[in-house]
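What you are looking at is a predicted structure, and each value in this text was computed from that prediction instead of being measured.
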Amino acid sequence: MGMTLSYQIIRSDRKTIGIQIMPDGSVTVRCPKRMRRDDIKRFVESKSNWIEKYLAGRDLAAPEKLTEQEVKILREKTRKLVTERVKHYAAIIGVQYNQIAIRTQHTRWGSCSSKGNLNFNCLLGLTPPEVLDYVVVHELCHLIEMNHSMQFWDALERTMPDYKVHRKWLKDNGNRLIAKI
């Protein structure tokens, strides 16, 4: 386990053991009155990866919806970032693109049309810069290969050797971001 986890134990007449993560990030273990401390410790350790993953993503976890004004500001921020990164990577990859659009999308992070038009999700402005770069590179590589063939993934890996890390970040955290719109 990466970190030593501190937790509060609350014993009661319950029959089972459970973990609760409080809004402030503290961990509470609720368990039967007579449960041995070693058994509690073992249980918490068995759940430690889940707890760490949850706590690591907690800053994104607030599912409050963004206001219309916040979405508008986010779209502008994302437009600036994406436009700059598309120019940067298009030159490296050696592709020409047409227009860039920033959309509020619930299912996709980016898309690319056969005419070379690029669409990006405004929520990319809330992701780490490397993740935004990954989506930009992914869509630009579609200008070489309009599918997800081996050639496509090879082109992507040539430009961004660690792309799998950023793709995994989106898989793990994307839904929490999408819940905001």
Side-chain angles (χ1 to χ4, degrees), residues 2-3 21-25 49-181:
M3 59 189 205
I21 299 179
M22 309 312 262
D24 66 355
N49 284 348
W50 173 82
I51 295 167
E52 285 183 39
K53 205 172 189 174
Y54 182 90
L55 291 174
R58 209 166 42 98
D59 54 334
L60 299 168
E64 298 98 51
K65 300 280 186 199
L66 296 169
T67 64
E68 269 181 55
Q69 184 60 23
E70 286 169 329
V71 171
K72 204 175 153 195
I73 292 165
L74 181 60
R75 281 172 77 122
E76 279 316 302
K77 173 190 170 183
T78 304
R79 181 183 307 284
K80 277 198 187 82
L81 289 168
V82 163
T83 303
E84 183 187 303
R85 304 313 283 158
V86 166
K87 270 187 198 148
H88 172 79
Y89 281 109
I92 292 171
I93 298 167
V95 290
Q96 301 286 314
Y97 58 93
N98 199 3
Q99 291 173 317
I100 296 172
I102 305 299
R103 303 189 190 288
T104 307
Q105 293 172 303
H106 290 88
T107 54
R108 310 179 104 182
W109 292 101
S111 62
C112 169
S113 78
S114 54
K115 294 191 171 84
N117 293 324
L118 303 169
N119 296 312
F120 294 96
N121 193 321
C122 70
L123 292 168
L124 285 169
L126 298 176
T127 67
E130 304 79 28
V131 173
L132 183 141
D133 280 3
Y134 159 68
V135 176
V136 164
V137 171
H138 184 115
E139 296 316 326
L140 287 171
C141 284
H142 277 313
L143 296 172
I144 303 169
E145 284 289 323
M146 279 307 283
N147 52 36
H148 289 119
S149 64
M150 281 300 290
Q151 289 89 335
F152 167 83
W153 293 111
D154 288 348
L156 182 53
E157 195 162 10
R158 268 197 309 279
T159 311
M160 183 175 269
D162 60 348
Y163 80 88
K164 286 179 182 156
V165 178
H166 313 309
R167 191 171 87 183
K168 185 178 178 342
W169 190 97
L170 267 186
K171 243 192 182 93
D172 294 345
N173 300 287
N175 288 342
R176 281 201 293 268
L177 290 179
I178 287 169
K180 291 177 168 287
I181 55 173

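When all heavy atoms of Cys122 and Arg75 are compared, the closest pair comes out as CB-CG, 3.5 Å. The two atoms that bring Val135 and Trp109 nearest to each other are CG1-O, 3.7 Å, heavy atoms only. The minimum heavy-atom distance linking Leu143 with Cys112 is given by the pair CD2-SG, 3.4 Å. Between Ile93 and Cys141, the shortest heavy-atom contact is CD1-SG, 4.2 Å. In this structure, Ile102 and Asn121 approach most closely via the heavy-atom pair CG2-C, 4.5 Å. For the residue pair Lys87 and Tyr97, the shortest heavy atom distance occurs at CG-OH, 3.3 Å.
A distance of 7.0 Å separates CG of Asp133 from NE2 of His88, quoted to the nearest 0.5 Å. Between atom CG of residue Asn173 and atom CG of residue Leu123 there is a gap of 12.5 Å, rounded to the nearest 0.5 Å. Taken to the nearest 0.5 Å, the CG atom of Leu66 stands 10.0 Å off from the CD1 atom of Ile73. Atom OG1 of Thr107 is separated from atom CD1 of Ile178 by 7.0 Å, given to the nearest 0.5 angstrom. Rounding to the nearest 0.5 Å gives a distance of 3.0 Å between NE2 of His148 and NE2 of His138. The CD1 atom of Ile144 sits 6.5 Å away from the CZ atom of Arg158 when rounded to the nearest 0.5 Å.
Judged purely by atom type and a 3.5 angstrom limit, Thr159 uses its side chain to pair as donor or acceptor with the backbone of Ala155. Side-chain atoms of Lys65 come within 3.5 Å of backbone atoms of Ile181 as a donor-acceptor pair (strictly under, hydrogens ignored).
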Exercise for the section: Apply side-chain contact (heavy atoms from CB on, under 4.5 Å) to Asp162 and Glu130, showing your working. Expected result: CA-CA 10 Å; Asp162 60 348; Glu130 304 79 28; over 6 Å; no
Exercise for the section: Go through the steps for Met160 and His166 under the test side-chain contact (heavy atoms from CB on, under 4.5 Å), then give the verdict. Expected result: CA-CA 10 Å; Met160 183 175 269; His166 313 309; 3.9 Å; yes
Exercise for the section: Verify side-chain contact (heavy atoms from CB on, under 4.5 Å) between Leu156 and Tyr134, making sure each step is shown before the conclusion. Expected result: CA-CA 9 Å; Leu156 182 53; Tyr134 159 68; 3.9 Å; yes
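Annotation: side chain of Leu132 is in contact with side chain of Val136 (closest heavy-atom distance under 4.5 Å). Leu124 is not listed as a side-chain neighbour of Leu81, based on a closest heavy-atom distance of 4.5 Å or more. Counting heavy atoms from C-beta on, the side chains of Leu140 and Leu118 come closer than 4.5 Å. Taking 4.5 Å as the limit, some side-chain heavy atom of Asp172 sits within range of a side-chain heavy atom of Lys168. Annotation: side chain of Asn119 is not in contact with side chain of Arg108 (no heavy-atom distance under 4.5 Å).
Of the N and O atoms on the side chains of Gln69 and Thr67, not one donor lies less than 3.5 Å from an acceptor on the other residue.
Ring geometry for Trp153 against Tyr163 counts as parallel: the plane angle stays under 30°, on a 0 to 90° scale with 60° as the upper cut.
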